Protein chains: 2
Amino acid sequence: MAGSTPRIPDATVARLPLYRRALLELDEQTTANVSSERLAEMAGVNAAKVRKDLSYLGSYGTRGVGYDVEFLLFHVSRALGLTSDWPVVIVGMGNLGQALANYRGFTERGFPVAALVDVDPAKVGSEIDGRLVDHLDDLDRLVAERGIAIAIIATPAAVAQEVAERVVEAGVQSVLNFAPTVVTLPDGVPVRKVDLATELQILSFYQQRRASTSGADH
Amino acid sequence: MAGSTPRIPDATVARLPLYRRALLELDEQTTANVSSERLAEMAGVNAAKVRKDLSYLGSYGTRGVGYDVEFLLFHVSRALGLTSDWPVVIVGMGNLGQALANYRGFTERGFPVAALVDVDPAKVGSEIDGRLVDHLDDLDRLVAERGIAIAIIATPAAVAQEVAERVVEAGVQSVLNFAPTVVTLPDGVPVRKVDLATELQILSFYQQRRASTSGADH
DNA sequence: TAGATTGTTAATCGATTAACAATC
DNA sequence: TAGATTGTTAATCGATTAACAATC
């Protein structure tokens, strides 16, 4: 159909949060205007990329002047769907799940931790960071009552796939997978994967390459 | 010079840990051989990509047969520089730093947490998960004595850049940045950035897009 | 020999970047 | 009008993928 918004490239989507954070910082400093050059510097990318990325959202800058910080912040936030909070549930209260439950950053940045669940009777009913741990079997109710949109999977790898399918059945719309295994979901349910050890392994590669290329001395 | 190994593309490097994990799983099941097809399924990518990626490491498969699991595991591990452990230091014992300090996954997967540091007198000298918190000023000694190769930055955004420069001066060779700000380092010191809230924001985008494209009903 | 599966080629696709006309 | 900076074009670069010859 005519007039539909052009699809925003994945690479651009992944950078929008960088621009948003830079804009939030500028907004706090009550900076009214910002150039693509300055925004690029703050986000650690180059200015041509900033302009191209932002152009996918619309034409929100002024030639010769730059971008109005508040105006652009609103449009970047809106593009990301961050005009309202998205309650999350953390599934799996093992080591990593507890660590994530204690992390304040989710709630602070618009993703309130609305529920914690596990299946272990020793954990269900206990409190973590002042929050009650519910049983996975209560998920349907929790999702419905608390408007939970996103599940953070922090279970062992062996059950991650099963749990992911279950949270989607319960009505969760997106999944962030911390379990060290690949999870595949039906339809177009967005899944992202974060693996802390993987990040370290990639660092290890580049560190080694650097060591081997830059002189084999000592 | 002649005979130098071809450069492994960044996209391939990022997938090597996926293949490695699949191979570890196969190895535990004492599976002797694996096809690119099966490896692709386990890693959640397609078979052509697996073969192309692995071909950058060398020619370690057998036509008509597949890849020897143990042999390939060794070569993938070696390519990633994972033939020995890499001790890490976590800098910043705030909310996120404590969560990471309590996470067992680093140590379990070849990145032993060898030191925790902060600058807050209330934290220095205390124990987290049975480990003593040292002062940032002791970093030079800690890095030297414990062979620390990688720093995990979990400080507030405002000091992340300063701290990153300091850990590099202390002899750390790579940085994993959890602070919600961009850090730039000199030379070719590898830096990777993990931002949990960013991952959620990207999910939010795709969730919203899906909601708007798949019928505007209800 | 027949079947299976790699390693590599080449086509395609998507992302990056420099350059510059448009325009404030 | 002169200077500044966007938004867009087009060239380049890197990643993905299908196809298939090589070869077990």
Side-chain angles (χ1 to χ4, degrees), chain A residues 5-19 22-23 26 31-76 79 182 202 205-206 209, chain B residues 5-19 22-23 26 31-76 79 182 202 205-206 209:
Chain A
T5 317
R7 186 189 170 83
I8 301 178
D10 291 344
T12 295
V13 173
R15 283 188 294 267
L16 291 180
L18 298 179
Y19 303 146
L23 290 165
L26 291 165
T31 307
N33 253 273
V34 65
S35 65
S36 58
E37 196 70 52
R38 175 90 183 97
L39 209 44
E41 190 194 343
M42 292 179 80
V45 302
N46 82 31
K49 200 180 269 178
V50 169
R51 290 198 297 277
K52 188 124 231 298
D53 285 341
L54 295 179
S55 75
Y56 290 111
L57 308 187
S59 195
Y60 299 131
T62 308
R63 287 166 208 244
V65 178
Y67 300 88
D68 180 281
V69 170
E70 254 188 275
F71 186 67
L72 185 59
L73 177 56
F74 168 75
H75 283 289
V76 171
V182 172
I202 296 172
F205 174 88
Y206 288 108
R209 172 191 280 171
Chain B
T5 316
R7 186 190 171 82
I8 301 178
D10 291 345
T12 295
V13 173
R15 283 187 295 265
L16 291 180
L18 299 179
Y19 304 145
L23 290 165
L26 291 165
T31 306
N33 252 271
V34 66
S35 66
S36 59
E37 196 70 51
R38 175 88 183 97
L39 208 45
E41 191 195 343
M42 293 178 79
V45 302
N46 81 31
K49 202 179 267 180
V50 169
R51 290 198 296 276
K52 188 126 232 298
D53 284 342
L54 295 180
S55 75
Y56 291 111
L57 307 187
S59 196
Y60 298 131
T62 307
R63 287 165 208 246
V65 178
Y67 301 88
D68 179 281
V69 170
E70 254 188 274
F71 185 65
L72 185 59
L73 177 56
F74 169 75
H75 283 290
V76 170
V182 172
I202 296 171
F205 175 89
Y206 287 109
R209 172 190 281 172

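The figures here come from the full heavy-atom set of this structure, side chains too, leaving out hydrogens, waters and symmetry mates. Because the structure is predicted, anything quoted here is derived from the model rather than measured.
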Next item on the list: Please identify each residue that fulfils side-chain hydrogen bond (donor to acceptor under 3.5 Å, both in side chains) with B/K49, with sequence neighbours left out.
Entry: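 Not a single residue meets the side-chain hydrogen bond (donor to acceptor under 3.5 Å, both in side chains) criterion with B/K49.
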Check: Pairs in or reaching into residues 34-43 of chain A: which pass salt bridge (charged side-chain N to carboxylate O under 4.0 Å, His left out), with residues at least two apart or in two chains?
Finding: A/R38-A/E41
Note to self: I'd like to check B/L23 versus B/L39 (side-chain heavy atoms, cut-off strictly below 4.5 Å). Are they in contact?
What the structure shows: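 Yes - at least one pair of side-chain heavy atoms lies under 4.5 Å apart.
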Note to self: Nearest 0.5 Å, please: how far is CZ in B/R51 from OG in B/S35?
What the structure shows: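 Interatomic distance, B/S35 OG to B/R51 CZ, rounded to 0.5 Å: 9.0 Å.
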Check: Which residues within residues 31-39 of chain B lie with some heavy atom under 4.0 Å of an atom in DNA chain C?
Finding: B/S35, B/S36
Margin query: Less than 4.5 Å apart, side chain to side chain, heavy atoms only: is that true for A/P17 and B/I202?
Written below: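 Yes - at least one pair of side-chain heavy atoms lies under 4.5 Å apart.
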Next item on the list: For B/D10, check side-chain hydrogen bond (donor to acceptor under 3.5 Å, both in side chains) against everything at least two apart and list the hits.
Entry: A/Y206
Notebook entry, point to check: Which residues satisfy the side chain to side chain contact (heavy atoms under 4.5 Å, CB included) test with B/S55, sequence neighbours excluded?
Noted result: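 B/S55 satisfies side chain to side chain contact (heavy atoms under 4.5 Å, CB included) with no residue once adjacent residues are dropped.
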Next item on the list: Could you check which residues of residues 42-52 of chain B get a heavy atom under 4.0 Å from DNA chain D? Sort them by number, please.
Entry: B/N46, B/A48, B/K49, B/R51, B/K52
Item checked: Residue closer to the 5' end of DNA chain C, A/G64 versus A/A11 (nearest nucleotide) ->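 Its nucleotide being nearer the 5' end, the pick is A/A11.
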Notebook entry, point to check: If you pin A/V65 and B/R15 to their nearest nucleotides in DNA chain D, which one's is more 5'?
Noted result: A/V65
Check: Got a donor-acceptor contact below 3.5 angstrom from the A/R209 side chain to the B/I8 backbone?
Finding: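 Looks like yes, one N/O pair under 3.5 Å.
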Margin query: What verdict does the side chain to side chain contact (heavy atoms under 4.5 Å, CB included) test give for B/R15 and B/V45, after you've listed the backbone C-alpha separation in whole Å, the side-chain angles of each residue and the deciding distance to 0.1 Å?
Written below: CA-CA 9 Å; B/R15 283 187 295 265; B/V45 302; 4.0 Å; yes
Check: Are A/L26 and A/L73 close enough that some pair of their side-chain heavy atoms sits under 4.5 Å apart?
Finding: no
Check: Could you give the start and end, 5' to 3', of the contact zone on DNA chain C for chain B, using atoms under 4.0 Å from its heavy atoms?
Finding: C/dA4 to C/dT9
Next item on the list: Scan residues 60-71 of chain B for pairs that pass side-chain hydrogen bond (donor to acceptor under 3.5 Å, both in side chains), counting only residues two or more places apart or in two chains.
Entry: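 As it turns out, the side-chain hydrogen bond (donor to acceptor under 3.5 Å, both in side chains) pairs with a partner in residues 60-71 of chain B, which skip direct neighbours, are B/Y60-B/H75.
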Checklist line | Range-with-range stems of DNA chain C (Watson-Crick or G-U pairs under 3.5 Å, three or more in a row) | finding: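 DNA chain C forms these stems: C:3-24 with D:3-24.
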Next item on the list: Answer whether the closest heavy-atom distance between the side chains of B/V69 and B/N33 falls below 4.5 Å.
Entry: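 B/V69 vs B/N33: side chains apart.
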Next item on the list: Taking side-chain hydrogen bond (donor to acceptor under 3.5 Å, both in side chains) as the test, write out the residues that go with B/T12, two or more places apart.
Entry: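 Once residues adjacent in sequence are excluded, the partners of B/T12 under the side-chain hydrogen bond (donor to acceptor under 3.5 Å, both in side chains) criterion are B/D53.
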